[in-house]
Amino acid sequence: QSQQRASLTYLHPAGKSRRQLLLYSYFSDMPKAGKRRAAAVKEVEDEVEVEAELEAEAQLEETNASADEDEEIIDMELDTIVHVALGTYEHLIHGIDCNIIAAKEGDDVIVAAQMQKMYVSEPHAGPVTALQATGNTLVTGSSDELMQVFDLHRKLEAGTLMLHEATITALAFHEQVNMISAAEDGTIAIWDAQTWDHLKLLRGHKGPINDLAIHPSGKFFLSAGRDHSLRIWDSMKGRCAYITKRPREPTVVEFLPLGDHYVVGSDRQLMAYSVESNELLFTTSMPFRINSVVPVSNTHVAVCGYGDTVYIINVPQRMCTSYFKAHDERIKAMTAQRLPLGAHVVIFTSDASGAVKAWHLHESHVTSDASSAPEPTPEAEGEAAERGVEDDEPLNLELEPLAEMSVHSRVTCMASTNRAKRKKGIKSIMKQASMLIAPKELVQAAEKSEEELMKRTRVGPKPKKPKGAKKEFLTVTAETTEGQAEAAMTQGLPAPEAVERPTPSQEAIAINAKAVANATHKPKGKKKKKKRGKGQTTE
């Protein structure tokens, strides 16, 4: 029996308990105990079902208890995907999706991220020199003078923009409605980001353009050129509103999110200006050449260049608050995306070897003691007063990257987008000018422009000049108009005398009738043709 029990335990399905297996082995040895065997098996099966139900209820209670504990700990969750695009010298574009998960535990926010490469594309015949993304749209510029438009949602190439006659150097979006592009030929183009129609072409720089920055309101934007000029353009009127010359070539320009300040990077100097007064607030000397400036809050910007460190600058307080070492090699590009969890932002950096890293910054990383800030006195551009970032004694954050990966290419530029839906109700910055004009004025302007176009192009039938009797009729009736008689009576002069003669209309009708009769009269019979002789012609 022990051997039979062992074999049954081994061969029987594992779903039944050991007690049921032993009972099954015991009753299998009794050939004449059918009823007793069936009753015992049913009893055991009922006990097993009850035990299974109890175990299921216990597991459900444990699951609910753990879920309640998780709800008590986690107050807010965030699960979003930020798309990062990188342009390279090898004519390639690398697309990376960074899945960011954030949860709030008490007063702390826990953020985790994971990177995954989505695509590698070669849309250009030269190095990629400019990148910009917004929503589900990605635009790339290259030295082949072309701009490629990509749809990130459908993962396909939407089209090609061709206008500039030189390398594309800068791209900028405004609210997913308009895009501005600049090139080395000194031209600036404004595009409709929905239909991709070309709206305006601006000229003014006497050399290549390095960077563009659009004000948050969209009413004006900045352009920095290699001719050492910084120009402010009125986007509503499509013309240059202000020009200023710099002692050094401006390479980077950026507005703060509130639009009250803008910063300019020129070689190793970072200068901050007030938008209201256009006064220089301060100048900070960096230990490297600046190549990227991105806002990380309403008052702070992150600055990097051809070094291994990222510095956080507080613009209103005019000081460097903190820094962290990002790479072992020099940083080539940087971009940032703000998280909807308060004052939290994720910064993406890339170095010369192709390594891409994601960094999490929150409010405690960028705040500083206001008492240590210098007095807010505006500086003149000609003054040599300049502070170094080391003079402010910034805090070393010693951050660890959230995620990192390598694209194994030489990176030239970088852009990111959270692939959010396009906001509805936003109007084009080129169409905002029509909102300031009354509808009556718009109608008058349209009629006037239509008349000028008719005159210029001579569209429609030409007015015919009156001939013969019709001309005579017009001239005679113009001599004796009722208006002249009324004017003479008003001024106290005698009215013109009526002359008894046939009316001009009757004369005109008679002449016209006679002319028509002569033209339509055909003599009966055939005309006799005379033979042509010397000095004779055929009648």
Taking [X] for the side chain and [Y] for the main chain, is one N or O donor matched with an acceptor at less than 3.5 Å?
X: Asp211; Y: Val252; value: no
X: Lys325; Y: Asp308; value: no
X: Arg231; Y: Gly204; value: yes
X: Arg268; Y: Pro287; value: yes
X: Ser322; Y: Leu397; value: no
X: Thr349; Y: Met334; value: no
X: Asp234; Y: Ala241; value: no
X: Asp351; Y: Ile331; value: no
X: Asn278; Y: Val275; value: no
X: Lys245; Y: Asp227; value: yes

More than 12 heavy atoms of other residues, nucleotides or ligands under 6.0 Å from [atom1] of [X]: yes or no?
X: Glu122; atom1: CD; answer: yes
X: Lys155; atom1: NZ; answer: no
X: Asp197; atom1: CG; answer: yes
X: His198; atom1: NE2; answer: yes

Cut-off 3.5 Å, side chains only: do [X] and [Y] have a donor facing an acceptor?
X: His164; Y: Ser181; value: yes
X: His94; Y: Ser409; value: yes
X: Asn314; Y: His300; value: yes
X: Thr335; Y: Ser416; value: yes
X: Ser229; Y: His205; value: yes
X: Ser274; Y: Glu279; value: no

Taking the side chain as C-beta and beyond, is there a heavy-atom pair between [X] and [Y] under 4.5 Å?
X: Thr169; Y: Thr129; result: no
X: Val303; Y: Ile290; result: yes
X: Arg248; Y: Gln269; result: yes
X: Ile313; Y: Thr321; result: no
X: Leu199; Y: Asn178; result: yes
X: Ile96; Y: Met405; result: yes
X: Val82; Y: Phe348; result: yes
X: Ile81; Y: Ile100; result: no

How are the rings of [X] and [Y] set relative to one another: parallel (under 30°), tilted (30 to 60°) or perpendicular (over 60°)?
X: Phe221; Y: Trp233; result: parallel
X: Phe173; Y: Trp196; result: perpendicular
X: Phe220; Y: Phe255; result: perpendicular

Chi angles and distances behind the side chain to side chain contact (heavy atoms under 4.5 Å, CB included) call for Met147, Leu171: CA-CA 10 Å; Met147 291 174 285; Leu171 299 169; 3.8 Å; yes

Pair [X] + [Y]: ring centers closer than 6.0 Å:
X: Tyr273; Y: Tyr262; value: yes
X: His83; Y: Tyr119; value: yes
X: Trp359; Y: Phe324; value: yes

Residues Ile168, Thr140; criterion side chain to side chain contact (heavy atoms under 4.5 Å, CB included); working and verdict: CA-CA 9 Å; Ile168 311 299; Thr140 64; over 6 Å; no

Restricting to non-hydrogen atoms, name the atom on [X] and the atom on [Y] that form the minimum distance, rounded to 0.1 Å.
X: Ala302; Y: Val296; value: CB-CG1, 3.8 Å
X: Met271; Y: Ser266; value: CE-CB, 3.8 Å
X: Val253; Y: Leu212; value: CG2-C, 3.9 Å
X: Gly135; Y: Leu152; value: O-CD1, 4.3 Å
X: Gly126; Y: Ser142; value: O-OG, 3.2 Å
X: Ala166; Y: Ala183; value: O-CB, 4.1 Å

Spacing of [X] atom [atom1] and [Y] atom [atom2] [to the nearest 0.5 Å]:
X: Leu156; Y: Ser121; atom1: CG; atom2: OG; value: 11.0 Å
X: Met115; Y: Glu404; atom1: CE; atom2: CD; value: 8.5 Å
X: Ser223; Y: Ile188; atom1: OG; atom2: CD1; value: 4.0 Å
X: Leu138; Y: Asp151; atom1: CG; atom2: CG; value: 10.0 Å
X: Thr137; Y: Gln132; atom1: OG1; atom2: CD; value: 11.5 Å
X: Met236; Y: Ser217; atom1: CE; atom2: OG; value: 9.0 Å

Side chain to side chain contact (heavy atoms under 4.5 Å, CB included) evaluation trace for Asn291 with Thr251: CA-CA 7 Å; Asn291 59 19; Thr251 56; over 6 Å; no

Side chain to side chain contact (heavy atoms under 4.5 Å, CB included) between Val263 and His261, worked out: CA-CA 7 Å; Val263 293; His261 298 88; 5.9 Å; no

Salt bridge Glu184-Arg226, side-chain N to carboxylate O under 4.0 Å: yes

Side chain to side chain donor-acceptor pair (under 3.5 Å) between Gln116 and Asn99, worked out: CA-CA 8 Å; Gln116 181 181 4; Asn99 188 10; over 6 Å; no

